[in-house]
Amino acid sequence: MYSMRREIIINDSANETRIAITEDGRLAELYLETPERERVVGDIYLGKVAKVMPGIKAAFIDLGLKQDAFLHFSDIGNYFDEYAALIGDDDSQVDLEESDEEVSPETSIESTSAVGIAERLVKPATLPKVQDRSGENGRGRPLPDLKSGQDIIVQVTKEPTGKKGVRVTSEVSLPGRFLVLLPFDNKIGVSKKLNNFREKRRLRRIMRSILPQGFGVIIRTVAQEKDEAGLKQDLDNLVSIWREIEKSVKTEEAPALLYKDLSTTSSVIRDLFTDDVDRVVTDSKKLYREICAYVKSVSPQLLDKIELYKESEPIFDVFGIEKEISTALSRKVWLKSGGYIIIEQTEAMVVIDVNSGRYAAKREQELNSLRTNLEAAREICRQIRLRDIGGIIVIDFIDLEDEKNRKKIYDELRKEFRKDRARVSVLPMTEIGLVQITRQRIRQNILQSFSEPCPVCGGGGMVQSKSSIVSQIERGIRRFKSETRELRLVLIVHPSVAEYLREGAVSRLTKMKLKYFIFIKLETDPTLPVAEFHFYSPKQKKDMTEQFTL
């Protein structure tokens, strides 16, 4: 059976950390972490209800962030008595049955923190009561009687996008390496990706023997063949974290952060570094030490797969990732057959158009269209994962007359999306070649991560963000220094980028000077586009930009 080669490549710079997941040498997923865009999915807050909107069955929660969080009534559960007991009401009783219900945890790094069925924490003075009426919240439960000013504990499930704030749930859970802890829910669930019945039964038996009363868990796929000691260590760590959250609930005033989940890099290692990954390569000594320390404690058999990249050439250049990122930011993607796809992103949906790119004789038109559509289907699935496109996606394939051929495209899409950790729904192709897809949206897609609203057009278009520009500058400086060995460089940038470089007690510019042991003279040119910059070598007395930037 064919085995796909999977690698995790991590590039760390003074301004950002980028994590690439490659499959057979091609970029499949990309994660970006910068100081301006810190990961918030999985964080647990003590929030305050700012506004209740019964018309849309939702409430807005003040978390102390720029925008209020969105809480849909379907994300509110029924364990208010248990949470009252947690914060001091001794009259509350807990009597939950254990269940072996099999659930499928989300395995993407953004969604594991909100997986499963866990319960609410609400301060007793403002405990929401469930209304005794016929209205339901979408899960067969009565609508909650939330009130403005009420304190409630919630967990972030989706990053902010555009002008929208984060989305939250009161179904709190804590993800670990092998388990996801579900407070106040005695159910023991097992990942559906774990197919061995005997192994499932063994893991359930272990968890029943070590699980503290009042807790539930989801057993993750990576727990397969793990012994009781390893599972107990993970469980004890999660329970300890939960006990600290319990203490914070009694002392903090809303809005307050109760628990901060792992960084993007750490969560990638926790959730994605499994036995089927061939290696992890990073160019950061600090990250290398942190990853080794973590893996040594949870999966020591994977230690040999961790590598420190020591060469002077940028790591993403060596693995061919830099060029693929450029493609991911382009609206036009070429296919090997000569066809191409156009990806247009709007606020409401994403539209993808498939084009043959060349004329074919009529008698071969159906066959050529099928071949192009099949190739496009595979590339579209890869691009959707790579760009992390969520929401509604409509694909306009080349028209096919044969119903069997239309079904082949549908089957190909479904097969390729099995590689995707996000929830995806695909509808069959219509007679006019349209396919509708809905994909779980958790975080900003790549275009939003690498871009910011254009100050010139008022947000109608997008330009490269300053953090991304500075990272590109840093990569160019690294190439310049490693290839020329020169100690002086003149950097010419737009004034807004220069201001960004000078920010901070220890500026970004100073950090680059110290890191690469080079004197950088910064000059500004207001006529330059914001995303453009130039390198000038005083020694060679010429512009070196094209030579050392992609």
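These numbers come from the heavy atoms of this one structure, side chains and all, not from hydrogens, waters or symmetry mates. Just so it is clear, the structure is predicted and the values come from calculations on it, not from any experiment.
The shortest heavy-atom contact between Val40 and Val156 is O-CB, 3.4 Å. The heavy-atom pair separating Ile44 from Leu257 by the smallest distance is O-CD1, 3.5 Å. Met53 approaches Lys51 most closely through the heavy-atom pair SD-CD, 3.4 Å. Nearest heavy-atom pair across Phe73 and Pro54 is CE1-CA, 4.4 Å. Nearest heavy-atom pair across Leu413 and Cys381 is CD2-SG, 3.7 Å. Nearest heavy atoms, Ala20 versus Phe316: CB-CZ, 3.9 Å.
Judged purely by atom type and a 3.5 angstrom limit, Arg39 uses its side chain to pair as donor or acceptor with the backbone of Leu262. For Thr22 (side chain) and Gly25 (main-chain N/O), no donor-acceptor pair under 3.5 Å exists by modelled atom type. A donor-acceptor contact shorter than 3.5 Å is absent between the side chain of Thr372 and the backbone of Ser356. Under a 3.5 Å cut-off, the side chain of Ser369 and the backbone N or O of Gln365 do form a donor-acceptor pair. At distances below 3.5 Å, not a single donor-acceptor pair connects side-chain atoms of Asn11 with backbone N or O atoms of Ile19. Side chain of Ser267 to backbone of Thr264: a donor-acceptor contact under 3.5 angstrom is found. Not a single donor-acceptor pair under 3.5 Å links the side chain of Ser299 to the backbone N or O of Leu302.
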- Message: The test is side-chain hydrogen bond (donor to acceptor under 3.5 Å, both in side chains); show your working for Thr221 and Ser191 and say whether it passes.
- Response: CA-CA 6 Å; Thr221 311; Ser191 167; 2.8 Å; yes
- So Glu416 and Arg378, salt bridge (Lys or Arg N to Asp or Glu O under 4.0 Å) or not? Walk me through it. CA-CA 6 Å; Glu416 289 297 313; Arg378 291 186 285 271; 5.6 Å; no
- Message: Would Arg406 and Asp402 count as a salt bridge (Lys or Arg N to Asp or Glu O under 4.0 Å) here? Give the steps.
- Response: CA-CA 7 Å; Arg406 290 198 290 267; Asp402 194 332; over 6 Å; no
- Passes side chain to side chain contact (heavy atoms under 4.5 Å, CB included), Asp396 versus Val354? Steps please. CA-CA 6 Å; Asp396 183 8; Val354 180; over 6 Å; no
- Audit row: Glu29, Tyr31, side-chain hydrogen bond (donor to acceptor under 3.5 Å, both in side chains) steps and yes/no: CA-CA 7 Å; Glu29 298 176 41; Tyr31 302 96; 2.4 Å; yes
- Going through the distances and angles, do Ile241 and Tyr259 end up as a side chain to side chain contact (heavy atoms under 4.5 Å, CB included)? CA-CA 8 Å; Ile241 293 172; Tyr259 167 74; 3.5 Å; yes
- Before giving the answer on side chain to side chain contact (heavy atoms under 4.5 Å, CB included), spell out for Lys57 and Ser74 the whole-Å C-alpha distance, their side-chain angles and the decisive distance to 0.1 Å. CA-CA 8 Å; Lys57 296 183 180 179; Ser74 63; over 6 Å; no
- What do the steps show when you test Asn405 against Glu366 for side-chain hydrogen bond (donor to acceptor under 3.5 Å, both in side chains), and what is the final call? CA-CA 9 Å; Asn405 289 336; Glu366 182 79 2; 2.9 Å; yes
- Task: Would you check, one step at a time, whether the test side-chain hydrogen bond (donor to acceptor under 3.5 Å, both in side chains) holds for Ser337 with Glu375?
- Result: CA-CA 8 Å; Ser337 64; Glu375 184 184 3; 2.8 Å; yes
- Could you check Trp334 against Ile341 for side chain to side chain contact (heavy atoms under 4.5 Å, CB included), going step by step and ending with a plain yes or no? CA-CA 7 Å; Trp334 286 96; Ile341 60 177; over 6 Å; no
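Here the straight-line distance linking atom OG of Ser266 with atom CG of Asp271 works out to 10.5 Å at 0.5 Å rounding. For the atom pair CG of Leu194 and CG of Asn196, the computed distance is 7.0 Å after rounding to the nearest 0.5 Å. Atom CG of Leu27 and atom CD of Glu7 lie 12.0 Å apart (nearest 0.5 Å). Interatomic distance, NZ of Lys187 versus CG of Leu182, reported as 9.5 Å (0.5 Å rounding). With rounding to the nearest 0.5 angstrom, the OG1 atom of Thr282 is 11.0 Å from the CD1 atom of Ile8. Taken from CG in Leu272 to OG1 in Thr274, the straight-line distance is 7.5 Å, to the nearest 0.5 Å.
Around CD of Glu431, the count of heavy atoms belonging to other residues, nucleotides or ligands within 6.0 Å does not exceed 12. Within a 6.0 Å sphere centred on NZ of Lys332, heavy atoms belonging to other residues, nucleotides or ligands number more than 12.
Between Asp276 and the options Arg5, Arg6, Lys305, a salt bridge (charged side-chain N to carboxylate O under 4.0 Å, His left out) holds for only Arg6.
A salt bridge links Glu23 with Arg385: at least one charged nitrogen is closer than 4.0 Å to a carboxylate oxygen. A salt bridge is defined here as a Lys NZ or Arg NE, NH1 or NH2 lying under 4.0 Å from an Asp or Glu carboxylate O, and Glu225 with Lys200 fails to meet this definition. Here Asp317 does not pair with Lys323 in a salt bridge; the nearest charged N to carboxylate O distance is not below 4.0 Å. Salt bridge present: Glu324 and Arg382 bring a charged side-chain N and a carboxylate O closer than 4.0 Å. Ion pairing of Asp43 with Lys260 is present here, as a side-chain N (NZ or NE/NH1/NH2) and a carboxylate O approach within less than 4.0 Å. By the 4.0 Å N-to-carboxylate-O rule, Glu322 lies close enough to Arg18 to be salt-bridged with it. Electrostatic pairing of Arg26 and Glu379 counts as a salt bridge here, judged by a charged N lying under 4.0 Å from a carboxylate O.
With contacts defined as side-chain heavy-atom distances shorter than 4.5 Å, the pair Ile409/Phe397 qualifies. Taking 4.5 Å as the limit, some side-chain heavy atom of Ile188 sits within range of a side-chain heavy atom of Arg208. Side-chain contact between Phe70 and Ile61: absent, with no pair of heavy atoms (C-beta onward) separated by less than 4.5 Å. Contact of the Val168 side chain with the Gln155 side chain is not registered, since no non-hydrogen atoms from C-beta on lie closer than 4.5 Å. Counting heavy atoms from C-beta on, the side chains of Leu203 and Met207 never come closer than 4.5 Å. Looking at heavy atoms from C-beta onward, Asp420 lies in side-chain contact with Arg439 at the 4.5 angstrom threshold. At a threshold of 4.5 Å between non-hydrogen side-chain atoms, the residues Val424 and Ile437 count as touching. By the 4.5 Å heavy-atom criterion applied to side chains, Ile395 and Leu434 are not counted as neighbours.
Between the side chains of Thr17 and Glu33, no donor-acceptor pair of N or O atoms lies under 3.5 Å. No hydrogens or angles considered: nothing links the side chains of Thr265 and Ser263 as a donor-acceptor pair under 3.5 Å.
The cationic atom of Lys226 (NZ for Lys, CZ for Arg) does not lie both less than 6.0 Å from the six-membered ring centre of Phe178 and within 45° of the ring axis.
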